[in-house]
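So the structure is just underneath, and the comments pick up after that.
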Amino acid sequence: MRKVKPMNISPETLDILRNFSTINSGLTVKVGNELKTVSAMKNIFAKAVVPDIFDKEHSIYDLSEYLGAVSLFDTPNFEFNAEKVTVSEGDNSVQYYYADPQMVISPQKEINMPDPEISFDLDEGVLDSLLKASAVLSLPDMVLSSDGTTVVLTVKDKKNSTSNIFSKTVAQGNGSTYEMYLRMENIKLIPGDYTVFVSSKGIAQFTNRKQSVEYFIALEPDSNYNES
């Protein structure tokens, strides 16, 4: 019987796993160093290339619970066996059994991003202020809009004509006018600086500028784009 070689999982990979647990409660880890997840509604897709290489495919049904078990240790070792992972440090260990892959919602294909009409940089401070404003003022919608001259990100309640509003100018316009809507509940990005690409065909891509992680988030159906 082949001896399973213990491995460490870096803090960077654990941060990605924690973030992915907010998108989908489960995860199937494939062999290699690329992690992918998709939300139950299929409106958020995320993938990341991580520093660690996994040599055993395995599925975790409750990723938050699993990460909670991992947090019991300071610098744990991981042994990925046929049916379970053993997380250990010194004399302490946890045995965590894998889930049936059919019990976990996983991406079945890659996202093909259409050619975007809009692109801009979204710095971490701006993203953080938008998220905080949404939480503090209970604003469920993010609107990317342009009058042709400037591009503005706004958090608001689009169903309320007297909604509180928080806005940030993020770029110069390209002459086109548009209102692209995203649900704030779908903005589940790991903190960082992003380049954002938006297609009028109904999808936005958020690419982290420092880590190899990107998110594809569906736009709301009432989004509109008018060519210049």
Side-chain angles (χ1 to χ4, degrees), residues 9-30 33-52 54 58-73 76 78 85 87 96 98-99 101 103-111 113 122-144 153 155 157 166 181-198 203-220:
I9 296 180
S10 66
E12 293 85 352
T13 299
L14 291 173
D15 283 344
I16 292 291
L17 291 172
R18 275 188 284 271
N19 173 251
F20 280 15
S21 73
T22 68
I23 298 171
N24 184 337
S25 59
L27 181 72
T28 293
V29 178
K30 302 285 189 179
N33 66 337
E34 187 174 61
L35 300 174
K36 299 178 185 178
T37 191
V38 66
S39 64
M41 298 292 291
K42 305 294 199 308
N43 55 359
I44 311 169
F45 173 91
K47 63 180 180 178
V49 176
V50 296
D52 308 297
F54 295 89
H58 58 282
S59 297
I60 303 294
Y61 182 75
D62 189 334
L63 189 53
S64 292
E65 181 183 73
Y66 170 65
L67 292 168
V70 172
S71 72
L72 298 172
F73 306 92
F78 295 78
V85 54
V87 187
Y96 200 94
Y98 307 140
M103 298 294 292
V104 177
I105 298 171
S106 299
Q108 299 303 308
K109 58 183 180 180
E110 288 287 336
I111 297 292
M113 181 70 186
L122 178 59
D123 292 339
E124 182 173 1
V126 174
L127 174 61
D128 188 53
S129 65
L130 291 164
L131 292 169
K132 284 182 178 176
S134 171
V136 169
L137 298 172
S138 299
L139 303 174
D141 302 298
M142 178 186 284
V143 189
L144 174 68
L153 270 176
V155 287
D157 183 349
F166 180 85
Y181 294 100
L182 292 155
R183 294 289 293 175
M184 288 303 297
E185 65 189 25
N186 295 335
I187 309 298
K188 298 181 182 293
L189 312 180
I190 200 165
D193 299 322
Y194 287 85
T195 299
V196 185
F197 305 93
V198 183
I203 191 167
Q205 176 182 354
F206 293 77
T207 300
N208 192 292
R209 299 206 299 273
K210 294 179 181 177
Q211 293 178 265
S212 186
V213 57
E214 53 189 346
Y215 305 81
F216 298 84
I217 304 174
L219 301 178
E220 294 301 291

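Given the structure is predicted, the values throughout are model-derived calculations rather than measurements. When a residue number appears, it is its place in the shown sequence, counting from 1.
- If you run salt bridge (Lys or Arg N to Asp or Glu O under 4.0 Å) between Glu214 and each of Arg209, Lys36, Lys47, only Lys47 comes through.
- Side chain of Asp62 to backbone of Glu65: a donor-acceptor contact under 3.5 angstrom is found.
- Looking only at distances, a side-chain donor or acceptor of Gln108 sits under 3.5 Å from a matching main-chain atom of Ser106.
- Under the rule for a side-chain contact (heavy atoms from CB on, under 4.5 Å), Ser71 has no partner lying at least two apart in sequence or in another chain.
- With a 4.5 Å cut-off on side-chain heavy atoms, Thr37 and Ile105 do not count as touching.
- With sequence neighbours left out, the ring pair (Phe, Tyr, Trp, His ring centres under 6.0 Å) criterion links Phe216 to Phe45.
- Within 6.0 Å of the OH atom in Tyr61, the count of heavy atoms belonging to other residues, nucleotides or ligands does not exceed 12.
- A distance-only check finds a donor-acceptor pair linking the side chain of Asp52 to the backbone of Ser10 [under 3.5 Å].
- With Ser134 contributing its side chain and Leu139 its backbone, the two residues share a donor-acceptor pair below 3.5 Å.
- A donor-acceptor pair under 3.5 Å links the side-chain atoms of Asp193 to the main chain of Glu124, judged by distance alone.
- Across all non-hydrogen atoms, the minimal contact from Val85 to Phe78 is CG2-CD2, 4.1 Å.
- No side-chain heavy atom of Phe206 sits under 4.5 Å from any side-chain heavy atom of Val213.
- No side-chain heavy atom of Ile60 sits under 4.5 Å from any side-chain heavy atom of Val104.
- When side chains are defined from C-beta on, Ser21 does not count as touching Tyr66, because their heavy atoms never get closer than 4.5 Å.
- In this structure the side chain of Asp123 never reaches within 4.5 angstrom of the side chain of Leu127, judged on heavy atoms.
- Of all heavy-atom pairs between Asn19 and Leu189, the closest is ND2-C, 3.6 Å.
- When every heavy atom of Pro11 is checked against every heavy atom of Arg18, the shortest pair comes out as O-NH2, 4.4 Å.
- Between the Asn208 side chain and the Lys210 main chain, a donor and an acceptor come within less than 3.5 Å of each other.
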For a side-chain hydrogen bond (donor to acceptor under 3.5 Å, both in side chains) check, start with the C-alpha distance between Asn24 and Ser39, then their side-chain angles and the critical distance, and finish with the verdict. CA-CA 5 Å; Asn24 184 337; Ser39 64; over 6 Å; no
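- Residues Ile203 and Ile111 form a side-chain contact, since some pair of their non-hydrogen atoms from C-beta on lies under 4.5 Å apart.
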